[in-house]
Amino acid sequence: MLSLFTGAARQPKDPNEEVKRGQRLQHAKDMFYSGKLPVVTTPVMKGRPIKKVLGLVHGRGYDAECALLTLAASAMEIGGDAIIGYQESVAFHPDGSKFFSCYGTAVILEKPGTKAGRRSLTH
C-alpha cells in the first residue's frame, strides 16, 4: 500500500551510467568536430545522395553544445552518418536560465565516389 504513495521501489543506479554517457557525448563531439558527422539545415546535402532515412532524432540540454552533442549521439546510435533538416529552439525561464532543444533527421549517405543507386534520395 505504501508504494501507491511513494512510487515503485527504485532500482539502484548503475555506477557506470555517467561514465558511459560521458563517453557517448565525447565520441559524438569527436565525430562532429572532425567533420565525420555532418549536420545541415537543408533537406539534402549537395553531392551526397541519401542512401537511407533512419528517422527523427532530438537533443536537449541547458547549453547549446550539450543539446547538439546529444542529438549527434542519438543519430550515431541508430546508425546515422549525417543529420539533415537541423532545427533548434531556446526556451527562456523567468529565473534567467535557458533550455535548448534541437532535432533533425538521421540519415545514411552514399559513400563518396560511389554511383548513386536508383533508390537514392536527391533533389
Side-chain angles (χ1 to χ4, degrees):
M1 185 66 166
L2 185 59
S3 66
L4 289 175
F5 299 108
T6 61
R10 294 188 178 175
Q11 298 296 323
K13 195 172 190 179
D14 179 8
N16 296 321
E17 184 177 324
E18 287 300 315
V19 172
K20 290 176 190 174
R21 185 174 188 273
Q23 290 172 343
R24 172 182 180 250
L25 293 181
Q26 184 60 48
H27 180 63
K29 184 176 185 176
D30 295 343
M31 295 294 286
F32 175 73
Y33 286 117
S34 69
K36 295 178 182 172
L37 182 78
V39 178
V40 297
T41 58
T42 57
V44 294
M45 290 183 62
K46 188 174 181 174
R48 297 288 306 270
I50 297 169
K51 183 176 181 179
K52 185 176 183 181
V53 175
L54 299 173
L56 187 69
V57 288
H58 71 279
R60 295 181 294 219
Y62 289 102
D63 65 45
E65 184 181 42
C66 182
L68 177 64
L69 295 179
T70 303
L71 172 82
S74 296
M76 291 187 318
E77 283 177 352
I78 61 172
D81 60 9
I83 298 170
I84 61 171
Y86 174 81
Q87 298 284 315
E88 63 185 23
S89 65
V90 179
F92 296 93
H93 192 272
D95 70 3
S97 63
K98 301 174 191 169
F99 190 75
F100 296 84
S101 299
C102 57
Y103 65 91
T105 303
V107 297
I108 299 173
L109 301 172
E110 291 285 342
K111 300 293 179 209
T114 60
K115 282 197 165 189
R118 292 186 345 215
R119 304 192 84 199
S120 295
L121 305 172
T122 58
H123 279 213

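Keep in mind that the numbers below use all heavy atoms, side chains included, and drop hydrogens, waters and symmetry copies. The model shown is predicted, which means the values in this text are computed figures rather than measured ones.
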| field | Sub-4.5 Å side-chain heavy-atom contact between M31 and H27 | value |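 Side chain of M31 against side chain of H27, heavy atoms only: contact under 4.5 Å found.
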| Hey, does Y86 have a side-chain heavy atom less than 4.5 Å from the side chain of L71? | yes
| remark: Which of M45, K51, K52 passes side chain to side chain contact (heavy atoms under 4.5 Å, CB included) with E110? It is K51
| message | Going by the rule salt bridge (Lys or Arg N to Asp or Glu O under 4.0 Å), which residues pair with E88 if we only count those two or more places apart in sequence or in a different chain? | response |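 With neighbours one apart ignored, the set is empty.
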Mind listing the closest non-hydrogen atom pair of [X] and [Y] along with its distance?
X: I84; Y: T42; result: CB-O, 3.5 Å
X: I83; Y: G104; result: CG2-CA, 3.8 Å
X: D81; Y: L109; result: OD1-N, 2.9 Å

Table please: side-chain donor-acceptor pairs of residues 55-65 below 3.5 Å, with sequence neighbours left out.
{"from": "D63", "atom 1": "OD1", "to": "E65", "atom 2": "N", "distance (Å)": "3.3"}
{"from": "D63", "atom 1": "OD1", "to": "C66", "atom 2": "N", "distance (Å)": "2.6"}
{"from": "E65", "atom 1": "OE2", "to": "Y33", "atom 2": "OH", "distance (Å)": "3.0"}

| request: Indicate if V90 and Y103 have the same hydrophobic cluster label, given that clusters are the connected sets of ILVMFWY residues with side-chain heavy-atom separations under 4.5 angstrom. | output: no
| query | Going hydrophobic residue to hydrophobic residue with side-chain gaps under 4.5 angstrom, can you get from L54 over to F32? | reply |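 Yes.
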| query | Taking only residues two or more places apart in sequence, or in another chain, which ones meet A67 in a side-chain contact (heavy atoms from CB on, under 4.5 Å)? | reply |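 Once residues adjacent in sequence are excluded, the partners of A67 under the side-chain contact (heavy atoms from CB on, under 4.5 Å) criterion are F100, C102.
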| field | Set of residues satisfying side-chain contact (heavy atoms from CB on, under 4.5 Å) with respect to S97, sequence neighbours excluded | value |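 Applying side-chain contact (heavy atoms from CB on, under 4.5 Å) to S97 gives H93, D95.
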| Which pairs pass salt bridge (Lys or Arg N to Asp or Glu O under 4.0 Å) with one or both residues in residues 66-80, sequence neighbours excluded? | R24-E77
| note | With sequence neighbours left out, the residues meeting side-chain hydrogen bond (donor to acceptor under 3.5 Å, both in side chains) with T70 are none
| query | What distance do F99 atom CZ and S89 atom OG have between them, rounded to the nearest 0.5 Å? | reply | 9.5 Å
